[in-house]
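This report refers to the structure that appears directly beneath it.
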Amino acid sequence: MKTKILVIHGPNLALLGEREVAVYGNFTLGEINEKLQALAKAENVELEIVQLDGEGEIASKIGRARKEFQAIIINPGAYTHYSVAIRDALAAVAVPAVEVHLSNIYAREEFRHKSVIAPVAVGQISGFGINSYLLGLKAAVELLKQK
Ligand code: DQA
């Protein structure tokens, strides 16, 4: 069976391309997803990509992921900084997660410096724009090869 990886884009990421272009770049979510799918094809893995604004929706998607997916790539958006519900969902499922951010959260406002997700993720990639996602996918694929 083909390896399946779940990509979760959190709140406000559907607005990429228009939203704070100086911080996030002018590419759209659709463009990120196209690049992710191309890399997934080259790596011979299958991706499901979702964008969810709601904290509960993200938590339940993670809960349902445990039977279907071998890894999760997640950009939790603002939930990164305070969502114990998303952190607990990731801790509850035995699916390795890679946390990604377009911007370098440590170079921005102080409230962004803390991730409550990072301790339950395998690792975090932050600050490489669109490449954060591609590096995140590479990291997940390598991780699964080592398993
Ligand atoms: C973000 C960083 C978060 O602080 C912010 O709330 C986002 C996007 C990023 O990808 O850089 O929505 O996760």
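Remember, it's 1-based here, ligands and their atoms both numbered in the order they're listed.
- With Ile74 as reference, Ile86 is the one residue of Ile86, Val7, Val98 to meet the side chain to side chain contact (heavy atoms under 4.5 Å, CB included) rule.
- Within the 3.5 Å criterion, the main-chain N or O of Gly54 finds a donor-acceptor partner in the side chain of Glu57.
- Between the side chain of Ser126 and the main chain of His101, no donor-acceptor pair closer than 3.5 Å is present.
- When atom types are taken as modelled, the side chain of Thr80 and the backbone of Gly77 share a donor-acceptor pair closer than 3.5 angstrom.
- Here the closest non-hydrogen pair linking Ser103 and Tyr24 is OG-CE2, 3.9 Å.
- Ordered by chain and residue number, the residues placing a heavy atom less than 4.0 Å from ligand 1 are Arg19, Tyr24, Asn75, Gly77, Ala78, His81, His101, Leu102, Ser103, Ile105, Arg108, Arg112.
- Remark: side-chain polar atoms of Asn75 are not paired, donor with acceptor, to backbone N or O of Ile8 under 3.5 angstrom.
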